[in-house]
Peer 1: 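The structure's right below; bear with me while I get my questions together.
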Amino acid sequence: MPKSLIAHLQNRLQCESGKWRLKMSSRDWVYEKFRTYYGSSNYAFQSPPSLSQREFAFLLFKERAMVRHKAFTNSTAIRSYMRERTPSDVYHSCAYYENPEADMDKKGWIGADLVFDIDADHIPTSCGKIHDEWKCGNPDCLVTGGLTGRGITPEECPACGGVKFETKTWACDQCLETTRNETRKLLDMLMNDLGFSEHEIHTYFSGHRGYHIHVENDAVKSLDTMGRREIVDYVCGIGLDIFDKKKSAPTKSKQKATTIFTLGNFGWKGRLKNGIRKYVKNATKDDLIKAGLSKRIAEIILKNKESIVNRYIDEERWGIIKGIGFETWMRIAEHVKDQEISQIDTVVTSDIHRLIRANGTLHGKTGLLKVEFPVRELDNFDPFAGAVAFKEGTIRVSVSDAPEFKLSGETFGPFKNKKVELPTAAAVLLILKNRAEVVD
Ligand SMILES: [Zn+2]
Ligand SMILES: [Zn+2]
């Protein structure tokens, strides 16, 4: 027998009570946890509306293969399927179809929920630079061993243009706070600008590091891709006319700002008005300079903060203070607009066939659940407590590295090359994040 094979077998076998048996790899251990979770008599699949019109998709844990175009008549049937196949991730279409099992072009699209995905994967955060790493997966990358970097994974490798990456990410309180803030702005627009009521909007923690918002309402159901893009544009402030077209761009150099700038109390105009007021009230000199204003203008603004807020913004008497004209307001308004938009994943919302993670199912990258909570609970809902699935048992693991983290109210780490006994949920999270191994 070749030496390498003997070494391999020794690595995979362990002697227990005089009998040799296969060692359980860490992933197998997590697989068992997922299998037991879905197999438990306490587990009930949480159906989306019109379940039988949805396409279901499963990423199978063992096979690591995606199975799509599945349809079920009721939640018991899905549960049996999940029990049998043990998926690491479960998805359903945001769309409703006549034949959800058919090929894409024969499904017979009836309509779709309006869905939004807000994920730290797409939003620059200062913590991402600390805890997220990527490495180009192209074996022929121009950088030997593959270019590496920190923060958001690029769409293409800057060195070779490759599109495959190995990533090592983490979900921390700051990621959650950032995505929660973007979700808050989105919910405000959906309810106050677009007029959806609280009971038509469903808010979920995604199971990883962000939030999903589903709008289920007859008015949005029939929207085509273009219609959904209009909503995306609104939420992202794309194509927004900050200044009234007719009055914009002063023709004479002496023309006063009075005639070019109107704000209102509704929609984006109201958002800008409140945003500019808040911004001028709180901005420091550095903030103003960062927003693209000159040192001189920044000083004028700081000196006249109060009259700017009272006269300019509240009374709309533009052009009162010398030196602050069209250009300055344009810069401030653009800067405030960038802060007021919600950083949604635009592709998800415009896709009328999109698959979205099913509520109450485990996330294959964390072992946490996608969970729904009431819209008004956004600020109070703690995913690191409310989305924990595995609540029993502990296991000894060897952790390569992990920042400090909290689960179910308990704080763990930071760990660096350490063997430690952890509750199941914490061990599952670290193993799925490639940061720990079960100690045999
Ligand atoms: Zn590369
Ligand atoms: Zn973070």
Side-chain angles (χ1 to χ4, degrees), residues 45-60 65-79 81-82 85 87-119 121-122 183 186-187 190 194-197 199-208 210-236 342 344-364 370-372 375:
F45 183 79
Q46 296 172 33
S47 289
S50 308
L51 176 140
S52 60
Q53 295 182 327
R54 308 274 187 169
E55 176 198 350
F56 280 84
F58 305 88
L59 186 60
L60 302 180
M66 187 76 144
V67 182
R68 280 195 66 171
H69 311 296
K70 303 294 283 182
F72 300 90
T73 47
N74 57 56
S75 55
T76 319
I78 299 180
R79 202 188 130 182
Y81 181 89
M82 286 163 67
R85 306 300 300 269
S88 62
D89 301 85
V90 182
Y91 307 92
H92 64 72
S93 58
C94 65
Y96 305 85
Y97 299 108
E98 278 161 15
N99 308 300
E101 263 177 319
D103 289 341
M104 272 338 268
D105 55 340
K106 298 189 181 75
K107 276 188 174 5
W109 190 85
I110 300 168
D113 301 326
L114 179 68
V115 297
F116 298 90
D117 180 15
I118 293 176
D119 193 311
D121 283 355
H122 305 285
T183 306
L186 171 66
L187 289 171
L190 291 176
L194 302 179
F196 295 112
S197 69
H199 72 264
E200 293 167 316
I201 300 174
H202 297 265
T203 47
Y204 306 86
F205 166 61
S206 71
H208 190 201
Y211 295 88
H212 292 170
I213 311 297
H214 301 195
V215 181
E216 290 159 9
N217 153 304
D218 282 342
V220 298
K221 202 170 161 181
S222 58
L223 280 178
D224 61 5
T225 305
M226 287 309 288
R228 285 164 206 259
R229 279 203 191 126
E230 289 287 332
I231 294 177
V232 167
D233 286 354
Y234 186 88
V235 168
C236 300
S342 174
I344 56 170
D345 184 336
T346 56
V347 178
V348 172
T349 305
S350 19
D351 184 354
I352 58 166
H353 301 105
R354 192 77 189 182
L355 291 171
I356 192 107
R357 187 173 300 282
N359 182 26
T361 61
L362 297 163
H363 196 301
K370 171 166 170 173
V371 227
E372 180 168 13
V375 173

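This is a predicted model, so every value here is computed, not measured. Below, each value reflects all heavy atoms present in this structure, side chains not excepted, and no hydrogens, waters or symmetry copies.
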Peer 1: CG/D113 to CD1/I356 distance, rounded to the nearest 0.5 angstrom?
Peer 2: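 One finds 9.5 Å between CG of D113 and CD1 of I356.
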Peer 1: With side chain to side chain contact (heavy atoms under 4.5 Å, CB included) as the criterion, how do N359 and H214 come out once you've worked through the C-alpha distance, each side chain's angles and the decisive distance to 0.1 Å?
Peer 2: CA-CA 11 Å; N359 182 26; H214 301 195; over 6 Å; no
Peer 1: Are more than 12 heavy atoms from other residues, nucleotides or ligands located less than 6.0 Å from atom CG of D105?
Peer 2: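 Atom CG in D105 is packed in, count exceeds 12.
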Peer 1: Quick check: does any side chain N or O of S88 sit under 3.5 Å from a backbone N or O of G364, one acting as donor and the other as acceptor?
Peer 2: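 Here the side-chain-to-backbone pair does not exist.
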Peer 1: Quick one: closest heavy-atom pair of M66 and A57, and the distance?
Peer 2: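 Distance-wise, the nearest heavy atoms are CE-CB, 4.2 Å.
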Peer 1: Determine, stepwise, if the pair L355 / H92 fulfils side chain to side chain contact (heavy atoms under 4.5 Å, CB included).
Peer 2: CA-CA 5 Å; L355 291 171; H92 64 72; 5.8 Å; no
Peer 1: Determine, stepwise, if the pair H208 / S206 fulfils side chain to side chain donor-acceptor pair (under 3.5 Å).
Peer 2: CA-CA 6 Å; H208 190 201; S206 71; over 6 Å; no
Peer 1: Does the T361 side chain pair with the main chain of R357, one donor and one acceptor, at a distance under 3.5 Å?
Peer 2: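 No, the answer is negative, given that no donor and acceptor are paired below the 3.5 Å cut-off.
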Peer 1: Pair I213, F196 - check side chain to side chain contact (heavy atoms under 4.5 Å, CB included), show working.
Peer 2: CA-CA 12 Å; I213 311 297; F196 295 112; over 6 Å; no
Peer 1: Working to the nearest 0.5 Å, report the span between CG of L114 and CD1 of I352.
Peer 2: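 That separation rounds to 12.5 Å.
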Peer 1: Cation-pi check, K70 to F58: give yes when NZ or CZ is under 6.0 Å from the six-membered ring centre and within 45° of the ring axis, no otherwise.
Peer 2: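 Judged by the rule, K70 and F58 form no cation-pi pair.
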Peer 1: Minimum heavy-atom separation for D351 to C94, with atom names?
Peer 2: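 D351 and C94 have their closest heavy atoms at O-SG, 4.0 Å.
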Peer 1: Looking at side-chain heavy atoms only, is the closest gap between L190 and F116 below 4.5 Å?
Peer 2: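 Yes, side chains in contact.
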Peer 1: Does a side-chain heavy-atom distance below 4.5 Å link S350 with T225?
Peer 2: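 Of all side-chain heavy-atom pairs linking T225 with S350, at least one is under 4.5 Å.
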Peer 1: Does a side chain donor of either R54 or Y97 reach within less than 3.5 Å of an acceptor in the other side chain?
Peer 2: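 Distance-only check fails for R54 and Y97.
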Peer 1: For a quick check under 3.5 Å, do H122 and D345 share a side-chain donor-acceptor pair by atom type?
Peer 2: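 Checked: H122/D345 side chains pair up, N/O donor to acceptor below 3.5 Å.
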Peer 1: Step by step, would you call L223 with I231 a side chain to side chain contact (heavy atoms under 4.5 Å, CB included)?
Peer 2: CA-CA 10 Å; L223 280 178; I231 294 177; 3.6 Å; yes
Peer 1: Which pair of non-hydrogen atoms, one from P100 and one from S52, has the smallest distance, and what is that distance?
Peer 2: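 Looking at all heavy atoms of both residues, the shortest contact is CG-O, 3.4 Å.
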Peer 1: Could you measure the distance from the CE atom of M82 to the OG atom of S75? Nearest 0.5 Å is fine.
Peer 2: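 Going from CE on M82 over to OG on S75, the span is 10.5 Å.
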Peer 1: Within the side chain of R228, is there an N or O that forms a donor-acceptor pair under 3.5 Å with the backbone of V220?
Peer 2: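 Confirmed, R228 side chain pairs with V220 backbone.
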Peer 1: Within this structure, what is the CG-NE2 distance for the pair N99 and H69, rounded to the nearest 0.5 Å?
Peer 2: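 The NE2 atom of H69 is 13.0 Å from CG of N99, to the nearest 0.5 Å.
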Peer 1: Any side-chain heavy atom of R354 sitting closer than 4.5 Å to one from V347?
Peer 2: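 Side chain of R354 against side chain of V347, heavy atoms only: contact under 4.5 Å found.
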Peer 1: Between T73 and L51, what is the shortest heavy-atom contact and its length?
Peer 2: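 Nearest pair, atom of T73 first, then L51: C-CD2, 3.6 Å.
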Peer 1: Does R68 reach the side chain of M104, with side-chain heavy atoms less than 4.5 Å apart?
Peer 2: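 Counting from C-beta outward, R68 and M104 do come under 4.5 Å.
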Peer 1: Within this structure, what is the CD1-CZ distance for the pair I78 and F56, rounded to the nearest 0.5 Å?
Peer 2: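 CZ of F56 is found 3.5 Å from CD1 of I78.
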Peer 1: Can you measure from OG (S47) to CZ (F72) and round to the nearest 0.5 angstrom?
Peer 2: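 Going from OG on S47 over to CZ on F72, the span is 11.0 Å.
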Peer 1: Which residue, D119, D121, V115, forms the side chain to side chain contact (heavy atoms under 4.5 Å, CB included) with D117?
Peer 2: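 Going through the options one by one, the only one that passes is D119.
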Peer 1: Write down the atom of W109, the atom of A95, and the distance for their closest heavy-atom approach.
Peer 2: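 Heavy-atom minimum between the residues: NE1-CB, 3.6 Å.
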